[in-house]
Amino acid sequence: MSLQASSQSIGMQKCTDEETFYMHCRAAYLTVFRSSLASITSKHQLCRVLQQAGRNPSQATLNKHWTPRTTKLNFDDFCEIVKNERPTEAHELMRAFRKMDINGDGCISHSELHIVLTSRGEKMAAKEVDAIFSLADTNKDGKLDYAEFCRLLESTAEQCQIAALERLEADAKLKRQNFGNELDSPPKSLASTAVTVPQPPHKTEPDITLKKDSRPSSRPSSARSRRSSLSNAITMAASSTKSIKLAEPTSIQDWHHTCMKGSFFLEEDGGITSLQYRLTVPQTATVYLTIRPLNLSQRLEKPSSWMSVDTAVFVVSGKDTKEDSTLVCFTESRDKEKCCWKGELSAGSYCLLPFTTGCRLRKRTRKSVSKPVTLVNRTDTGELDLTRDFRGALSDIFEVIDLDGNGLLSLEEYNFFELRTSGENCDEEAWAVCKENFDTRKNQLSRQGFMELNLMEASERGGDPTDLWVTLEAMGYNRNLEMVEACPFLIDVYCEEGQCTLQPVSLESGHRILNTALQRSITARSEVKTLRGQENVLVYTYRGEHRISTVIGNKTNQKVTVHVNNEQSKNCSSSRGMSVFAVEVPARTKMVCQHVLPINEHQEWTYSCVESIIPCQ
């Protein structure tokens with residue numbers, strides 16, 4: 001029986017090709033792991049699970065996907081690898097074997113196979129060749145009938161997939177519990193197919209008193225009915241039809257102004273890193289605070305690709321611990337690309353925490369580049385020089401790390417760059433050497449000096465661009481010199497009375513205070529409902545001007561696993577990067593479940609979500 005016929009026989013005849021692909025991926029994954037929430041933690045595991053998916057990865061393939069910096073891969077990463085690494089076809093194997101078949105009799109001797117496999121390509125050990133030949137030489141005549149061998153390989157791979165699919169379908173409990181870090185079906189209206197890695201779950205916060213909301217719930221007719229479930233449907237208007245709730249103050253030009261640049265950086269695990277800032281307000285004053293993506297494009301008709309990334313700032317007072325911190329406000333209103341807040345701040349010091357949901361700044365499928373952009377070349381006199389493209393990228397990087405926008409890099413600004421790209425600090429002695437050798441003004445490094453510094457690094461390595469690429473990739477660039485894993489931003493603070501000061505203080509990923517502030521901003525302004533039959537599991541749904549965010553609160557004394565289904569949503573992008581997933585919430589804690597934004601802001605969008613409890617084993 002063919003694989004397609006088997007799939008039909010177990011109730012999958014209505015699946016599309018893409019749905020079938022994800023089903024096969026999940027089936028393969030669950031032959032190696034108990035849950036698709038589990039991560040691949042070694043190259044050996046990656047090899048095993050790829051083999052279960054009908055792939056035969058070479059060491060070069062494994063090294064491409066499991067680099068020295070890789071610590072784990074999740075189910076979504078696995079699906080992308082399977083998608084990009086097509087299985088070896090039988091006719092390709094036949095072609096390879098025919099090249100070894102010297103006399104053309106359809107068979108290969110042990111010695112012929114031994115010579116090829118131990119001397120070409122990824123060389124195998126003699127014992128490995130003997131093991132392969134022993135398995136393939138079924139009649140023990142010392143020859144390998146490679147046509148039969150190819151049919152055997154193809155049949156074995158097909159039978160493995162059939163068995164995995166049948167196991168997945170037969171075990172209803174296994175199927176119900178293992179939809180976690182994957183698409184139960186491919187997203188029809190959520191994130192784009194280029195998105196591969198979701199943002200990791202947010203940290204949890206100990207439970208505090210939760211208030212119930214008496215507003216009735218709505219249930220879409222297409223939602224699956226579950227014993228302990230909750231459905232929620234919200235329709236949001238297109239941004240073009242919304243009125244601006246917070247306009248810029250008319251006398252803003254008379255207010256005291258300070259600003260600071262920064263950038264969101266996407267990490268290997270999908271987390272997002274950003275600078276944090278310290279705002280000092282000398283006296284009680286009315287403050288107008290904004291954040292927006294920073295456009296680095298010189299062409300008005302083609303703005304930077306990250307201009308659609310959502311941005312916000314949370315303002316927190318208190319000490320640098322989540323227990324002592326207090327959420328003061330956050331930029332909730334929109335004015336075109338800016339996210340704004342206006343209100344009164346008392347005299348004191350505040351922590352400003354930039355935030356993006358991750359709906360539009362995500363890991364994307366890395367397209368293979370046959371020839372990366374050239375960074376360094378030689379002049380007519382044989383001297384090394386930076387190429388025009390590389391100078392353009394360095395100029396943009398300079399613009400991003402010039403935090404105060406004065407056209408120069410202070411030691412503090414340069415050190416944020418160093419920490420980001422190398423993890424090290426430049427001390428005063430090294431900075432003095434830098435000032436002696438490169439163009440500086442007012443004891444700060446100029447844009448030209450920054451170029452000279454990078455040219456010196458290239459020259460020290462004889463033009464080898466390896467370290468230059470490490471720097472570029474840390475700053476969010478791909479091998480086409482496109483900034484695809486970063487979003488520069490600009491924070492403006494206007495103070496009606498007195499001069500506020502704004503200073504960068506740290507480079508953080510998943511800042512615990514930001515997680516706490518985010519949760520509290522949602523729970524304080526949201527509709528809260530309980531899951532049917534589970535009074536101690538609550539879902540908070542925050543509806544802002546341009547986003548919807550949810551928090552799950554668990555008041556029980558044991559962890560709960562919540563199944564989340566967004567399949568009925570329209571024109572929506574989830575921060576999870578998937579339409580169906582699971583969230584584990586520890587006992588007596590709250591956890592941010594997801595953020596949702598429209599894919600097209602100029603069209604109406606509908607958030608439709610069903611949350612349900614997965615029974616414990």
Side-chain angles (χ1 to χ4, degrees), residues 202-206 208 256-265 267 271-292 294 310-333 338-358 401 403-405 410 412-413 415-416 419-420 487-495 497-525 544 549 551 590 592 595:
H202 295 273
K203 294 180 182 178
T204 57
E205 178 188 0
I208 57 175
H256 299 281
H257 173 239
T258 186
C259 64
M260 195 65 63
K261 289 183 282 189
S263 183
F264 297 111
F265 295 106
E267 303 294 0
I272 295 175
T273 299
S274 171
L275 280 170
Q276 316 292 329
Y277 302 86
R278 178 67 62 186
L279 174 66
T280 303
V281 181
Q283 64 188 72
T284 300
T286 301
V287 172
Y288 179 63
L289 171 65
T290 73
I291 182 173
R292 59 181 171 87
L294 179 64
D310 59 294
T311 58
V313 172
F314 286 80
V315 180
V316 172
S317 65
K319 298 180 181 178
D320 291 337
T321 63
K322 69 177 183 180
E323 292 80 8
D324 296 329
S325 63
T326 301
L327 174 63
V328 176
C329 63
F330 63 100
T331 53
E332 192 173 13
S333 297
K338 292 190 296 188
C339 201
C340 323
W341 177 84
K342 180 186 174 185
E344 186 178 274
L345 289 181
S346 301
S349 182
Y350 300 88
C351 189
L352 265 57
L353 310 171
F355 166 73
T356 183
T357 61
I401 62 178
L403 302 178
D404 59 10
S410 65
E412 182 183 35
E413 290 171 327
N415 267 333
F416 283 123
L419 284 170
R420 174 66 198 163
C487 172
F489 59 76
L490 177 66
I491 296 175
D492 286 287
V493 181
Y494 298 88
C495 191
E497 303 89 11
Q499 178 66 57
C500 298
T501 59
L502 189 59
Q503 293 292 328
V505 291
S506 64
L507 187 65
E508 294 285 353
S509 175
H511 198 288
R512 65 183 184 280
I513 304 179
L514 175 58
N515 289 328
T516 303
L518 181 59
Q519 290 179 25
R520 291 176 180 172
S521 72
I522 296 171
T523 57
R525 302 176 182 226
S549 298
V551 163
K590 299 192 200 77
V592 175
H595 308 287

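Every heavy atom of this structure was used, including side-chain atoms; hydrogens, water molecules and symmetry mates were not. Model, not experiment: these values are computed from the prediction.
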K.L.:
What pair of heavy atoms forms the shortest contact from Leu327 to Cys329, and how long is it?
P.N.:
CD1-O, 3.6 Å
K.L.:
Among Val493, Leu279, Thr286, whose side chain to side chain contact (heavy atoms under 4.5 Å, CB included) with Leu345 holds?
P.N.:
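Only match with Leu345 under side chain to side chain contact (heavy atoms under 4.5 Å, CB included): Leu279.
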K.L.:
Using only atom types and a distance under 3.5 Å, with no angle test, would you say the side chain of Thr356 pairs donor to acceptor with the backbone of Asp310?
P.N.:
yes
K.L.:
Could you give the distance from NE2 (His256) to SG (Cys500), rounded to the nearest 0.5 Å?
P.N.:
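The NE2 atom of His256 sits 8.5 Å away from the SG atom of Cys500.
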K.L.:
For a quick test of reading the model, state the closest non-hydrogen atom pair linking Gln503 to Glu412 and the distance between them.
P.N.:
OE1-OE1, 4.0 Å
K.L.:
With rounding to the nearest 0.5 angstrom, report the CZ to CD1 distance, Phe314 to Ile513.
P.N.:
13.5 Å
K.L.:
Using only atom types and a distance under 3.5 Å, with no angle test, would you say the side chain of Thr331 pairs donor to acceptor with the backbone of Thr290?
P.N.:
no
K.L.:
Show the numbers, then the answer: is there a side-chain contact (heavy atoms from CB on, under 4.5 Å) between His595 and Ile522?
P.N.:
CA-CA 10 Å; His595 308 287; Ile522 296 171; 4.3 Å; yes
K.L.:
Rounded to the nearest 0.5 Å, how far apart are CG of Leu289 and NZ of Lys338?
P.N.:
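That separation rounds to 11.0 Å.
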K.L.:
Just so I know, are the side chains of Met260 and Pro504 near enough to count as touching, which here means a heavy-atom distance under 4.5 Å?
P.N.:
yes
K.L.:
Can you see which heavy atom on Ala347 is nearest to which on Gln283, and at what distance?
P.N.:
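Looking at all heavy atoms of both residues, the shortest contact is CB-CA, 3.6 Å.
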K.L.:
Are the charged groups of Glu267 and Arg420 less than 4.0 angstrom apart, N to O?
P.N.:
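Judged by the 4.0 Å cut-off on N to carboxylate O distance, Glu267 and Arg420 do form a salt bridge.
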K.L.:
Could you work out, with side-chain contact (heavy atoms from CB on, under 4.5 Å) as the rule, every residue matching Glu332, not counting sequence neighbours?
P.N.:
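Listed in chain order: Phe330, Arg525, Tyr542.
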K.L.:
Looking at OH of Tyr288 and SG of Cys495, how far apart are the two atoms once the value is rounded to the nearest 0.5 Å?
P.N.:
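The distance works out to 14.5 Å.
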K.L.:
Quick one: pull up SG in Cys339 and CZ in Phe355 and give me the separation to the nearest 0.5 Å.
P.N.:
10.0 Å
K.L.:
Any donor and acceptor pair, going by atom type alone, linking the side chain of Glu413 with main-chain N or O of Leu403 inside 3.5 Å?
P.N.:
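Judged by distance alone, yes, a pair lies under 3.5 Å.
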K.L.:
Which heavy-atom pair separates Gly358 from Ile272 by the least distance, and what is that distance?
P.N.:
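Smallest heavy-atom distance, with atoms named: CA-CD1, 4.0 Å.
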K.L.:
Would you give the length of the straight line joining atom CD of Gln519 to atom OG of Ser549, rounded to the nearest 0.5 angstrom?
P.N.:
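Separation between the atoms: 11.5 Å.
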K.L.:
Which class fits the ring pair Tyr277 and Phe489: parallel under 30°, tilted 30 to 60°, perpendicular over 60°?
P.N.:
perpendicular
K.L.:
Nearest heavy-atom pair of Pro354 and Gln276: which atoms, and what distance?
P.N.:
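Closest approach of Pro354 to Gln276: CD-OE1, 4.0 Å.
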